[in-house]
Amino acid sequence: MPPMATSASVLTLPRLSISPTMPARASPTTTMTRRTRPLRAACAYTLQEGQSRRSHRLPCGLDLEVIAQQPPSPAPTPGRSERPPLVFVHGSFHAAWCWAERWLPFFSRAGFPCFALSLRAQGESSIPSDTVAGTLETHTGDIADFIRKEVPVPPILIGHSFGGLIVQQYISCLQGSEPLHPKLSGAVLVCSVPPSGNSGLVWRYLLTKPIAAIKVTLSLAAKAYANSLPLCKETFFSSQMDDELVLRYQNLMKESSKLPLFDLRKLNASLPVPSATDGTLEILVMGASNDFIVDAEGLSETARFYNVQPVCVEGVAHDLMLDCSWENGAAIILSWLDKLAPRSA
């Protein structure tokens, strides 16, 4: 089957009425709890050696889960300056755990302090009393608040899927003489939703394989991936991925998202993201050759927006950081990081 439209807690077909699956109606006790003290999501991910979990308190009173991993040795390698911190932003149905599994150990061993955030209502972050987790602006503001208060030097911001769109919104806030958010040392967009959103992706799939496109889109809108191992594998992973590992990630995905990241209709109406960078920020745009969600044109659109050449990693699927050849993408990012000029925007 062809690549499908990008996962956001639900996917929407243009001009088709698809209602997102909403959580069960809260009991009066639960409703009262949400009003007085934010509920905390639960996601049973066991940390690896060298990792820590903590909460970052936002000005609104909500907490964001942070999984951190520092380099084994705090001293920089001789002849090499201190590595910038890496801040990771997940996409829909995921949380901080998706980075902690493979990439946090990899990049921390390479000397980078690593921080993976769980967005509102994802992972073990607080659940706002709303029908969706937030907007591009609220998610971007949350990341900015974390960086401003807890990251002492400009980091590299790395976003996957809809997390990549959030990173693009953050970049747009760096324009002008007085940027709205803390500076960055660079940005990496991994299998990212393009600046125009997922509507163009959906239309392309409808025109090429309409029956398959509608079937899979409706399945994702109903979160059918959560109860179908074959569909979960086809959507996020390569066909050769071990079923037991896919089942483990499927269970984590089911636990991760308590609310949709966005109201997709409002999101798509607000896109494309504002003007691109002025060229002072280094950006890597990376895709996957077997991506079932973001197609080659979506990857090219993002690269054109930032006037860079896209990098397509062969033999991996949408969840590039978890797939069976996850180290291929990680190695490309590490090579790019090694060549970065020591400047920030």
Side-chain angles (χ1 to χ4, degrees), residues 1 3-12 20-24 40-48 53 64-65 67 88-104 116-127 132-134 139 158-166 190-193 198 216-239 241-262 264 288 290-294 316-324 326 329:
M1 296 178 72
M4 261 313 300
T6 304
S7 61
S9 297
V10 292
L11 303 184
T12 55
T21 302
M22 297 304 300
R40 188 73 62 82
C43 183
Y45 178 77
T46 302
L47 299 182
Q48 301 181 49
R53 177 185 281 119
L64 295 187
E65 178 191 21
I67 298 179
F88 296 86
V89 184
H90 64 84
S92 294
F93 308 126
H94 293 64
W97 64 264
C98 73
W99 305 107
E101 181 77 353
R102 302 291 190 185
W103 280 17
L104 259 59
L117 307 181
S118 290
L119 300 171
R120 299 183 184 199
Q122 320 300 310
E124 296 192 6
S125 294
S126 299
I127 306 172
V132 295
H139 291 312
I158 302 175
H160 173 254
S161 197
F162 264 99
L165 189 65
I166 293 171
V190 181
C191 300
S192 176
V193 175
N198 70 338
V216 177
T217 301
L218 292 174
S219 294
L220 286 175
K223 295 186 179 180
Y225 82 88
N227 300 308
S228 169
L229 192 68
L231 182 57
C232 184
K233 176 183 278 192
E234 188 173 15
T235 304
F236 298 106
F237 305 106
S238 297
S239 59
M241 187 84 158
D242 182 77
D243 281 351
E244 290 188 7
L245 196 53
V246 174
L247 179 61
R248 176 168 173 262
Y249 294 152
Q250 181 189 44
N251 287 331
L252 285 167
M253 290 180 197
K254 285 191 288 187
E255 296 172 352
S256 291
S257 182
K258 302 303 185 291
L259 291 175
L261 282 182
F262 307 102
L264 286 186
N290 298 335
D291 197 332
F292 190 75
I293 292 174
V294 178
V316 290
H318 183 68
D319 270 18
L320 194 150
M321 67 287 187
L322 292 170
D323 207 19
C324 47
W326 62 267

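Keep in mind it's a predicted model, so treat the numbers as computed, not measured.
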Chemist: Are the side chain of Q122 and the backbone of L259 linked by a donor-acceptor contact shorter than 3.5 Å?
Modeler: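 Yes: the side chain of Q122 pairs with the backbone of L259.
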
Chemist: So, taking the atom named CE in M321 and the one named CD1 in I158, what distance separates them when rounded to the nearest 0.5 Å?
Modeler: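 Between atom CE of M321 and atom CD1 of I158 there are 11.5 Å.
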
Chemist: In terms of ring plane angle, is the pair W99 and W103 parallel, tilted or perpendicular, where the classes change at 30° and 60°?
Modeler: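 Rings of W99 and W103: tilted, 30 to 60°.
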
Chemist: For the residue pair H160 and H318, categorise the inter-ring angle as parallel (less than 30°), tilted (30 to 60°) or perpendicular (more than 60°).
Modeler: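 Aromatic pair H160/H318 classed tilted.
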
Chemist: For K233, which of D242, D323, D243 qualifies under salt bridge (Lys or Arg N to Asp or Glu O under 4.0 Å)?
Modeler: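 The single option meeting the salt bridge (Lys or Arg N to Asp or Glu O under 4.0 Å) with K233 is D243.
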
Chemist: Return yes if some donor-acceptor pair links the side-chain N/O of S118 with the main-chain N/O of S125 below 3.5 Å, else return no.
Modeler: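 Checked: no pair found.
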
Chemist: So do the side chains of W97 and Y249 get within less than 4.5 Å of each other, counting heavy atoms only?
Modeler: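 Counting from C-beta outward, W97 and Y249 do come under 4.5 Å.
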
Chemist: Atom CZ in R120, atom CD1 in I127: separation rounded to 0.5 Å?
Modeler: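 R120 atom CZ to I127 atom CD1 measures 12.5 Å (nearest 0.5 Å).
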
Chemist: Is the side chain of Q48 donor-acceptor paired with the backbone N or O of A100 at a distance under 3.5 Å, no angle test?
Modeler: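 Such a contact is found between Q48 side chain and A100 backbone.
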
Chemist: Would you say the side-chain atoms of E101 and Y45 include a donor-acceptor pair closer than 3.5 Å?
Modeler: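 E101 vs Y45: donor-acceptor pair found between side chains.
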
Chemist: Hey, is the main chain of V294 close enough, under 3.5 Å, to the side chain of D291 for a donor-acceptor pair?
Modeler: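 Indeed, once roles are kept as given, a pair shorter than 3.5 Å links the two residues.
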
Chemist: Tell me, with the steps shown, if H139 and L261 meet side chain to side chain contact (heavy atoms under 4.5 Å, CB included).
Modeler: CA-CA 9 Å; H139 291 312; L261 282 182; 4.2 Å; yes

Chemist: Can you say whether the rings of F162 and F262 are parallel (under 30°), tilted (30 to 60°) or perpendicular (over 60°)?
Modeler: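 Tilted: the ring planes of F162 and F262 meet at 30° to 60°.
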
Chemist: Could you tell me the separation between the CG atom of L229 and the CD atom of E244, rounded to the nearest 0.5 Å?
Modeler: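 Result: 10.5 Å between the selected atoms.
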
Chemist: Closest heavy-atom contact between A317 and C191?
Modeler: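 Scanning both residues completely, I find the closest heavy atoms to be O-SG, 4.5 Å.
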
Chemist: Taking the side chain from Q250 and the backbone from Y225, do they hold a donor-acceptor pair closer than 3.5 Å?
Modeler: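 Yes.
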
Chemist: Mind running side chain to side chain contact (heavy atoms under 4.5 Å, CB included) on M241 and C324 for me, showing each step along the way?
Modeler: CA-CA 6 Å; M241 187 84 158; C324 47; 3.9 Å; yes

Chemist: Under 3.5 Å, side chain of N290 to main-chain N/O of S238, donor-acceptor pair present?
Modeler: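 Answer holds: no.
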
Chemist: Just so I know, are the side chains of L247 and N251 near enough to count as touching, which here means a heavy-atom distance under 4.5 Å?
Modeler: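 Yes, at least one pair of side-chain atoms sits under 4.5 Å.
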
Chemist: Would you call F88 and I67 a side-chain contact if the rule is heavy atoms closer than 4.5 Å?
Modeler: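 The answer is no; the side chains never approach within 4.5 Å.
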
Chemist: Work out which heavy atom in L119 is nearest to a heavy atom in H90; give both atom names and the distance.
Modeler: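 Minimum heavy-atom contact is N-NE2, 3.0 Å.
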
Chemist: Between D319 and W326, is there a side-chain heavy-atom distance shorter than 4.5 Å?
Modeler: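 No - every pair of side-chain heavy atoms lies 4.5 Å or more apart.
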
Chemist: Shortest non-hydrogen contact from S256 to A95?
Modeler: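 Minimum heavy-atom separation between S256 and A95: OG-CB, 4.0 Å.
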
Chemist: Got a second to check how far L245's CG is from L322's CG, nearest 0.5 Å?
Modeler: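 Taking CG in L245 and CG in L322, the distance rounds to 8.0 Å.
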
Chemist: Working to the nearest 0.5 angstrom, can you tell me the gap between L320 CG and S161 OG?
Modeler: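 The OG atom of S161 is 11.5 Å from CG of L320, to the nearest 0.5 Å.
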
Chemist: Assess the residue pair F236 and V246 against the criterion (side chain to side chain contact (heavy atoms under 4.5 Å, CB included)); give the C-alpha distance rounded to whole Å, side-chain angles, the decisive distance to 0.1 Å, and a yes or no.
Modeler: CA-CA 9 Å; F236 298 106; V246 174; over 6 Å; no

Chemist: Can you measure from SG (C98) to CG (L104) and round to the nearest 0.5 angstrom?
Modeler: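 If I round to the nearest 0.5 Å, the distance is 9.5 Å.
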
